[in-house]
Amino acid sequence: MAKSLHAVMVPFPVQGGINPLMQLAHLLSERGFFITFVNTEWCHRRMLDAGGHALQQPAEGFRFLTIPDGLPAKHERYTDLITYLRALENLAPVLEQRLLVTLSEGIPPITCIIGESYMSCTYQLALNLRVPRVVFWTMCAALSISQFKAELLLSRGHIPVKLGEAKRAENLITCLPGNLPPLLPTDLISFYRAESASDALVKRFLYESQMQNKGDYVLVNTVEELEGREAVAALSINGCPAMAVGPLFLPNFLAHRDVVRSTSMFAEDESCLEWLDAQQPASVIYVSFGSTAVKSKQQLEEIALGLENSQRPFLWVLRKDIAQGEPGILPQGFLERIRDRGLIVRWAPQVKVLSHPSVRAFLTHSGWNSVMESFSFGIPMLGWPYFMDQFLNCRFVKDMWKIGMDFEGVDVDENKLVTREEVEKGVRRIMESEEARQRVFKLKEAAMKAVNPGGSSFLNLNKFVEEITQIAKSFAR
Ligand code: UDP
């Protein structure tokens, strides 16, 4: 099919930012868009190393553009986040130039730039190219509102967050729009935890917030039925449309499209699916802390022994870099002892794992993609947030949606060691919880309904295609 629309998609270059944008790209491709998907050279290299063949032979109607992010190859991007964010902020000129020299016959003119909400460079890019900028929130609406309204929170004294005072009742945050329940200070993006507003990361995130308030259309990877239409509408920029279109992975999954494999920065180990086939139905706890969270060697030992002592079958994703290069992170004799009951992989095909009938619960860092993937398959969660938006996700899973649990105290004490006894108890509780299971089944149904024809997210995405086409025409005049 000849395509007349063209979306340039600019993800935040981490796995949890790339995946949802790739999912959206496929859904837009299905709806008549030609897709330019932008990767940084650093991510592109990692994707190729992980076997991302689609990068060399993109599907019809897709192309990948790579641009340098301006940092040396060996720079520790995730640990030096400020430098990373600053480098990404300055990508507009190089991106514009790459786009202009690669627009050739056969590629439709650009309809819109869809940038992850933290890719502030897409504002200038869209301005220069005279096309609409779509701000795409990959975090849940509640957290996104707290970031979108960060200036308001600063003026009310909620930012920066002082951990010592975080538990005081008068510090509850009630000034945000969108019909949100009162937020705790520790629900805010963890980088707002600082002694003063002149802290470099606080300033950085406040800057991003200002830029998130500039754009022409807003898309949110969430479900209206979960967070409410009002919450999504609160992300509107000057009255522009704001639409919930998630969970974006789900329609692709239902259509048997394995779309994130081509852009995975980790090589998936599919052997765990056969292992899952051999387990009893609803018997396994799946353990993964996403793509960037790290844990100390001592903490990993406690997790290992807690999993062992829980006596439950487990599948554990232990990334190579989870202990930041520390060797020998598992207790002596552990692998031998758990051989018949546990499996450790470096990276799993997570969506396939969570949809497997043998999986009963998920011990997760509560990244938003992981949370949505989990509830979409009716899997209750034991949350263990690490940073960024994960604290709010974890608390909402437990307190608002009641589809999971957490470990006491990990929200306010970064150095807290969760002991093997706590891990064991947590695993047993989540594996046995009928209440969380019943509630998450209801949410699973709502998510399925939302993405199927006639559902809220399905219709919202169609509306987006219609409206952005009209908005683009008004820019071209
Ligand atoms: N993921 C995966 N295999 C793994 C662990 C994670 O495919 O072993 C995927 C997961 O399905 C999700 C993404 O990586 O789409 C992680 O995103 P999330 O927002 O949960 O966390 P982040 O990695 O951004 O902290």
Side-chain angles (χ1 to χ4, degrees), residues 11-26 43 46-47 50-52 77-79 81 84 116-118 136-140 143-144 189-191 220-222 246-253 257-273 275-276 284-295 314-322 343-356 359 362-377 379 381-394 396-397 404:
F12 190 85
V14 294
Q15 198 67 63
I18 292 165
N19 285 6
L21 220 73
M22 199 60 198
Q23 303 284 5
L24 177 61
H26 278 264
C43 289
R46 288 185 61 182
M47 290 167 188
R77 285 158 175 77
Y78 302 154
T79 34
L81 194 58
Y84 200 24
E116 209 277 345
S117 60
Y118 287 88
F136 174 51
W137 290 95
T138 52
M139 300 174 297
C140 74
L143 190 286
S144 302
I189 285 185
S190 61
F191 301 118
V220 193
N221 194 12
T222 190
L248 284 163
F249 86 91
L250 195 50
N252 287 313
F253 172 82
R257 277 193 296 259
D258 193 356
V259 308
V260 296
R261 205 166 177 188
S262 61
T263 45
S264 178
M265 294 193 271
F266 304 84
E268 281 178 1
D269 185 343
E270 294 246 341
S271 69
C272 57
L273 298 174
W275 181 85
L276 284 172
V284 173
I285 177 129
Y286 171 59
V287 184
S288 170
F289 302 109
S291 60
T292 52
V294 293
K295 300 247 177 271
F314 64 86
L315 169 60
W316 185 5
V317 176
L318 206 52
R319 281 187 350 260
K320 252 189 195 154
D321 56 349
I322 191 148
L343 185 71
I344 294 182
V345 292
R346 292 290 188 204
W347 191 254
Q350 179 161 301
V351 165
K352 289 182 194 154
V353 167
L354 288 168
S355 64
H356 196 286
V359 175
F362 185 9
L363 170 50
T364 170
H365 69 308
S366 310
W368 184 236
N369 293 298
S370 292
V371 169
M372 278 198 296
E373 290 160 4
S374 198
F375 72 61
S376 297
F377 295 117
I379 305 291
M381 284 157 269
L382 177 57
W384 190 341
Y386 172 66
F387 72 174
M388 195 69 193
D389 57 328
Q390 297 156 12
F391 293 92
L392 181 141
N393 299 341
C394 178
F396 273 42
V397 159

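Both ligands and their constituent atoms are indexed starting at 1 by order of listing. Quick caveat: nothing in here was measured; it's all calculated off a predicted structure. Scope of the values below: all heavy atoms of this structure, side chains included, with no hydrogens, waters or symmetry mates.
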### Task
With sequence neighbours left out, write down each residue that passes ring-ring contact (aromatic ring centres under 6.0 Å, His included) with Phe191, or none if nothing qualifies.
Phe205, Phe387
### Task
Quick one: pull up CD in Gln350 and CZ in Phe362 and give me the separation to the nearest 0.5 Å.
4.0 Å
### Task
Enter the distance from Phe289:CZ to Leu363:CG here, rounded to the nearest 0.5 Å.
4.5 Å
### Task
Quick one, list the residues around ligand 1 where some non-hydrogen atom comes in under 4.0 Å, by chain and residue number.
Gly16, Asn19, Tyr286, Ser288, Gly290, Ser291, Thr292, Val317, Trp347, Ala348, Gln350, His365, Gly367, Trp368, Asn369, Ser370, Glu373, Gln390
### Message
Ring of Phe249, cation from Arg257 - is the NZ or CZ under 6.0 Å from the centre and inside 45° of the axis?
### Response
no
### Message
I'd like to know if the side chain of Asn19 pairs up with that of Gln23 as donor and acceptor (distance under 3.5 Å, no hydrogens or angles considered).
### Response
no
### Check: Pro247 and Glu373 side chains under 4.5 Å, non-hydrogen atoms
no
